[in-house]
Each structure stands twice: as structure tokens, then as C-alpha cells.
> 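The structure's right below; bear with me while I get my questions together.
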Amino acid sequence: MFRLSAIAAILAASCSFAAIADQFQVKASSSIAATADTLVLLVSPDQLNANPQLEAISKQENFSAAHGKTLNWLAPASPYSQYQRVLLLGTGDSAKLTPYQASLLGATAARSLKGSAANTIQLDASLIKAPIGQAELLAQISHGIDLASYTFTRYHTNKQPSKVRQLHLLSAEQAATEQRLAQLTALSEGVALARDLTNEPANGIYPETFAKQALELRKLGAKVTVMDEKALEKAGLGAILAVGRGSARPPRLVIVHWEGSKQAPVALIGKGITFDTGGYNLKTQADSILRMTSDMAGAAAVLGTMHTLAKQKAPVNVVGLMALAENMISDRAYLPGDVITAGNGKTIEIINTDAEGRLVMADALFYAETNFKPRAIVDIATLTGSKVGALGSYYAGIFSKDDNLVAQLTQAGEKTQEKLWRLPMTDEMLPELKSRIADLRNTGSSTGASTAALFLQQFVKDTPFAHLDIAGNALSSSNRGLQTEGATGYGVRLLTEWVLTAE
């Protein structure tokens with residue numbers, strides 16, 4: 001089965017914003033590709049020592065076969081003499097390989113091959129006996145190659161054409177490898193879509209253009225509804241309308257529903273502030289406001305997850321709501337001290353116009369619970385700077401009163417290495433949200449991340465609810481692991497894993 005790389009597949013379906021440095025056309029086969037010029041050979045320390053030829057070259061080059069270590073062997077001797085080069089890729093103790101560690105091997109391979117003359121690549125993991133099985137091992141390596149090959153070059157005028165390479169996966173379990181490869185290709189596409197949207201500047205992605213991207217999911221069988229200003233007014237969603245009022249680009253609430261089962265749905269809610277000036281509480285730090293093109297990374301993660309599930313034809317019922325607005329300054333913008341009315345009827349005193357994300361999310365949470373009766377609600381948002389101060393980019397913060405939901409999401413985060421750390425959200429903090437003139441104020445006085453989560457909780461009645469604060473996780477300053485410089489697509493892999501395994 002041939003399949004295009006993640007970005008190429010999106011380009012075939014719609015007007016994508018991305019390009020990649022390398023594209024890999026992948027085929028799983030039970031036989032060696034006769035035309036391959038490059039061999040990527042996975043080796044463990046045990047297998048290295050069991051093969052006199054490999055042991056000799058490894059000693060000569062001081063190659064240990066530790067996890068992620070590589071050795072380029074040019075003009076190799078028999079039995080590898082059909083290849084121009086062999087890339088030895090160390091797995092470390094193969095008995096301890098996890099799916100995530102396998103995907104990291106793919107990322108290493110992609111970066112090692114970048115800029116090389118390799119055109120047709122044979123990937124051979126037959127020496128490795130991993131507990132995850134050969135099909136999972138090979139598919140995860142391909143997944144890592146996809147994610148590490150991503151780059152965003154839409155606005156470069158001197159970009160070179162992408163190099164297209166053939167990647168052959170040698171597999172004794174060809175059918176199983178192809179099946180798993182298709183699932184992970186859909187996941188790669190979802191991550192790439194989230195990265196595309198988050199990498200876009202504010203004049204490329206704003207509520208209307210984001211909504212147009214979401215409408216593409218209809219081609220995959222998802223139901224997509226875009227609520228414009230009139231629909232938002234009719235539904236009484238005054239919080240999202242207030243935040244978007246200051247912009248010439250009006251707000252939207254985008255709803256994507258994938259009904260792959262008859263079970264009650266889970267709801268995913270994404271914050272989609274396509275640019276955040278801070279409003280009249282203007283952001284004053286240049287580096288901070290420059291990053292605010294990424295303040296819609298939560299909504300991007302939800303859309304990427306919905307793309308993945310729809311492409312996989314996953315047997316799950318999921319509804320994704322993306323609350324989209326620009327937080328701007330104008331003669332129509334909402335002001336500090338204003339009182340607005342959210343969709344559930346609660347009144348909110350605006351203490352700080354830069355605490356806008358929780359307002360658009362509040363209406364989306366209320367709308368999701370009221371109209372879809374979900375069995376669980378999870379929101380994802382670049383919400384607070386205090387979360388970054390607490391956890392940096394090492395973990396996303398998770399806030400919930402439901403221990404079971406926390407356990408499920410934390411486990412999904414461990415498996416995908418989009419890790420979560422539980423932070424407090426208790427009713428003893430509620431006095432911080434008490435307003436003299438309204439039901440609530442939109443900021444607390446001290447515990448920023450926790451009171452922000454508690455504010456959101458006020459718009460969910462009885463449904464198990466968790467809030468994920470991904471401030472600090474949405475962008476990366478360098479290529480590392482599965483991430484590339486710029487947008488990370490954080491949350492797509494986590495949410496997909498949770499949805500597919502949630503009880």
C-alpha cells in the first residue's frame with residue numbers, strides 16, 4: 001500500500017497551508033526492494049554483538065546501538081553491498097521498546113537522512129524482537145518520520161521543491177503493518193493540520209478561514225456546522241460575541257461531529273483566539289504579543305483530532321466545538337468593567353479583557369452540554385501564563401474534580417508522551433471569582449491557572465469535565481523528539497488516544 005506523507009495527503013484533499021522538507025511514499029512489503037539505494041537497519045546492542053561484521057564496524061566507529069544513536073556506513077561490504085549506504089539505527093534494549101520510543105527512532109532516521117542523496121530507502125527491523133510487535137514497530141517508525149519531516153514554508157518565496165523519497169518497510173506481517181500504517185497516517189495528518197493552523201499568521205487564519213478548513217472534514221463524512229454572528233445571537237452566546245465584537249472579523253463557533261458509534265458522545269472544546277492583543281488590557285511585551293498567533297492552538301488540536309478520527313473511520317462518537325474570535329481593540333470592543341451575559345444566563349464582570357479565552361470557552365462548554373448531552377467534556381486551551389510558570393513546557397496542566405477522567409487522560413498522556421500534571425481546582429477558590437455587581441468576575445485574584453479552570457467549571461452542570469491548559473506546549477523553539485520548530489500540534493495525539501480508549 002502506497003500512501004503519501006501527512007502533508008501531501010492533506011494537499012490532495014484541500015488547500016493546505018503546509019509544505020515539508022521531505023515527502024516519503026511508503027510501502028509495506030514482505031520482500032527486499034531491489035531498487036533501494038539506502039538501508040536503514042535497526043540494531044540492538046545484543047544483535048550488534050551477535051553479528052561479527054556489525055560488531056567490527058561498530059567498534060571501529062565507537063557505535064553502541066544505544067537508543068537513537070546512528071552510524072552512517074558508506075559503500076558497505078557484503079551482504080549489504082547492494083546499497084550505497086547503510087544507516088545503522090540503535091534501539092537500545094529492544095525488549096523495552098514502546099510505541100513512542102519507536103516513533104522517536106523514526107524521527108531520528110528522518111533527520112539523519114535529511115540532505116542525503118538517499119532516494120529509495122529500505123527499512124529493516126527484522127533483527128529486533130520488540131514486545132510491541134513488528135507491525136506496530138514499523139508503523140510507529142513511519143509515524144515518527146512523518147512528524148519529524150514537517151516544516152512550514154508557505155510564505156517562503158525561495159523554497160526548493162520537496163524531495164520525494166520511497167520508503168519500503170520490510171515486514172513479515174504485511175497486512176497488519178498496512179492496517180496500522182493507515183491509522184497512524186491519519187494521526188500524522190491530524191497533527192500536521194493542527195501545526196498548519198497554529199503556524200499561520202493572523203492574516204492567514206482568522207475565524208472565517210479556520211471555519212473553511214473545518215468544512216473540509218465533510219469530505220471525510222463528518223457533520224460540520226458553522227455558527228455565525230446571527231446564529232450566536234440567536235443561541236444567546238453573549239460571551240463569545242463580546243470577545244469578538246472588537247474585530248472586523250466576526251467570531252464563529254465551529255462544530256464538527258463524528259458519529260462512529262451510537263454511544264453517547266464525548267465532547268472536545270478548543271479555544272480559538274486567532275489573535276490576542278489583550279484587548280484594552282493590552283499586552284505590553286513584544287515577544288508575548290508576537291506569539292499570540294498561536295492562541296488558537298487548542299482549537300487547532302481539536303480540529304486535528306476530529307480529522308484523525310474521521311479519517312480512521314473510528315468507532316466512536318465525538319463532537320468537537322471550536323470557539324473562534326479575535327480579541328482586538330476598537331470602538332466596538334468590550335471594556336474592563338463591562339458586564340456580559342453568557343449562554344447559560346450567568347452574568348460576568350470583565351475584570352481583564354486579556355482573560356478572554358475562558359469567556360469564549362464558557363459559551364462553548366454550555367452549548368456542548370446542553371445540545372449534545374455528552375458523557376464527558378474535555379477542553380484544551382492556551383489559557384494562562386501561570387500554568388507556564390508552574391509546569392513550563394514539560395507538562396500540560398490538567399484540572400478536574402473527576403478522578404476517573406484525570407486517570408484516563410493522564411494515562412493517554414503517558415502513552416503519547418504529551419504528558420499531563422494535575423493542578424488544584426477546588427471550591428474553596430470560588431470567593432476569588434465573586435463579583436460585587438455580577439454573578440462572576442472573569443479573573444481571580446491570585447491563583448491564575450486554577451481559578452481560570454474553576455471559572456470554566458461554572459459552565460458545566462453535571463457532566464464529567466476536565467480542562468487542559470497547554471500554554472507553553474503549543475510552540476517549540478527547536479526540532480526535538482517528534483516536534484519541529486514552531487507549532488507542535490500538541491494535544492492531537494493525546495486526545496485521539498483518550499477518545500479511542502475512553503470507557
Side-chain angles (χ1 to χ4, degrees), residues 17 155 196-215 225-255 269-286 288-300 302-303 321-343 348-367 379 381-384 442-443 452 471 474 487:
F17 295 124
Y155 296 99
D196 288 351
L197 294 167
T198 308
N199 276 324
E200 272 289 318
N203 62 338
I205 281 295
Y206 42 93
E208 184 180 6
T209 54
F210 189 108
K212 287 181 179 178
Q213 285 290 299
L215 288 169
T225 302
V226 178
M227 296 179 66
D228 61 11
E229 279 182 293
K230 290 183 179 179
L232 294 171
E233 289 170 358
K234 185 176 181 180
L237 303 184
I240 187 172
L241 284 166
V243 174
R245 194 169 64 220
S247 174
R249 296 165 172 159
R252 297 285 187 269
L253 181 63
V254 173
I255 304 166
I269 314 296
K271 173 188 171 184
I273 302 298
T274 56
F275 194 80
D276 180 19
T277 66
Y280 276 97
N281 292 108
L282 182 68
K283 295 179 185 294
T284 56
Q285 294 182 328
S288 174
I289 200 168
L290 183 62
R291 293 194 301 271
M292 287 303 103
T293 57
S294 67
D295 209 21
M296 36 60 66
V302 170
L303 190 61
L321 287 83
M322 290 138 277
L324 308 169
E326 278 190 336
N327 188 23
M328 303 295 282
I329 294 174
S330 75
D331 60 347
R332 300 178 63 244
Y334 75 138
L335 305 174
D338 280 359
V339 175
I340 64 174
T341 303
I348 305 166
E349 181 187 7
I350 304 303
I351 303 301
N352 190 321
T353 58
D354 197 21
E356 82 299 326
R358 67 201 68 183
L359 298 175
V360 301
M361 299 279 282
D363 273 351
L365 289 166
F366 160 73
Y367 193 88
D379 84 60
T382 50
L383 206 64
T384 64
N442 75 327
T443 64

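Computed from a prediction, not measured in an experiment: that's the story for all the values here.
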> Can you name the one residue among Asp295, Asp363, Asp379 that meets salt bridge (Lys or Arg N to Asp or Glu O under 4.0 Å) with Lys271?
Asp295
> Quiz question: by atom type and distance under 3.5 Å, do the side chains of Tyr155 and Glu200 form a donor-acceptor pair?
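Tyr155 vs Glu200: donor-acceptor pair found between side chains.
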> Quick one: does Ser294's side chain get under 4.5 Å of Thr198's, heavy atoms only?
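Counting from C-beta outward, Ser294 and Thr198 do come under 4.5 Å.
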> Quick check: closest heavy atoms across Thr384 and Ala452, and the distance to 0.1 Å?
CG2-CB, 3.8 Å
> Show the nearest heavy-atom pair for residues Ile289 and Phe275, with the distance to one decimal.
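Heavy atoms of Ile289 and Phe275 come nearest at O-CZ, 3.5 Å.
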> What distance do Met328 atom CE and Thr277 atom OG1 have between them, rounded to the nearest 0.5 Å?
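Those atoms lie 6.0 Å apart.
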> Would you say the side chain of Thr274 lies within less than 4.5 Å of the side chain of Pro207, judging by non-hydrogen atoms?
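Yes, at least one pair of side-chain atoms sits under 4.5 Å.
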> Please report the closest heavy-atom contact between Ala364 and Leu321, naming both atoms and the distance.
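Looking at all heavy atoms of both residues, the closest pair is O-CD2, 3.8 Å.
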> State the CD-CD1 distance between Gln213 and Ile205, to the nearest 0.5 angstrom.
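With rounding to 0.5 Å, CD (Gln213) is 5.5 Å from CD1 (Ile205).
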> To check you understand the geometry: which heavy-atom pair defines the closest contact between Tyr367 and Ala235, and what is its length?
CE1-CB, 4.2 Å
> Once rounded to the nearest 0.5 Å, what's the spacing between atom CG of Leu335 and atom CD1 of Ile350?
10.0 Å
> Please report the interatomic distance CG(Asn352) to CZ(Arg358), rounded to the nearest 0.5 Å.
8.0 Å
> Under the side chain to side chain contact (heavy atoms under 4.5 Å, CB included) criterion, do Lys283 and Asp276 qualify, and how do the steps go?
CA-CA 9 Å; Lys283 295 179 185 294; Asp276 180 19; 3.2 Å; yes
> So which heavy atom on Ser247 is nearest to which on Arg332, and how close?
O-NH1, 4.1 Å
> State the CG-CD1 distance between Asn442 and Ile340, to the nearest 0.5 angstrom.
7.5 Å
> Is it true that Arg245 and Glu326 make a salt bridge, defined as a side-chain N closer than 4.0 Å to a carboxylate O?
no
> Given Ile348 and Leu359, is the side chain to side chain contact (heavy atoms under 4.5 Å, CB included) satisfied, shown in steps?
CA-CA 9 Å; Ile348 305 166; Leu359 298 175; 4.0 Å; yes
> How far does CG of Leu197 sit from OG1 of Thr293, to the nearest 0.5 angstrom?
12.0 Å
> Report the C-alpha distance between Leu237 and Met227 in whole Å, list the side-chain angles of each, state the deciding distance to 0.1 Å, and finish with yes or no for side chain to side chain contact (heavy atoms under 4.5 Å, CB included).
CA-CA 10 Å; Leu237 303 184; Met227 296 179 66; 4.3 Å; yes
> Is it true that the side chains of Thr353 and Asn281 contain a donor and an acceptor less than 3.5 Å apart?
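On atom types as modelled, these side chains qualify, holding a pair under 3.5 Å.
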> Check this for me, if you would: do Arg252 and Asp228 make a salt bridge, where the nitrogen-to-carboxylate-oxygen distance has to be below 4.0 angstrom?
no
> Determine the minimum heavy-atom distance between Gly278 and Asn327, stating which atoms define it.
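Result for this residue pair: C-ND2, 3.5 Å.
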> For Leu215 and Val226, what are the C-alpha separation, side-chain angles and deciding distance, and is it a side chain to side chain contact (heavy atoms under 4.5 Å, CB included)?
CA-CA 8 Å; Leu215 288 169; Val226 178; 4.0 Å; yes
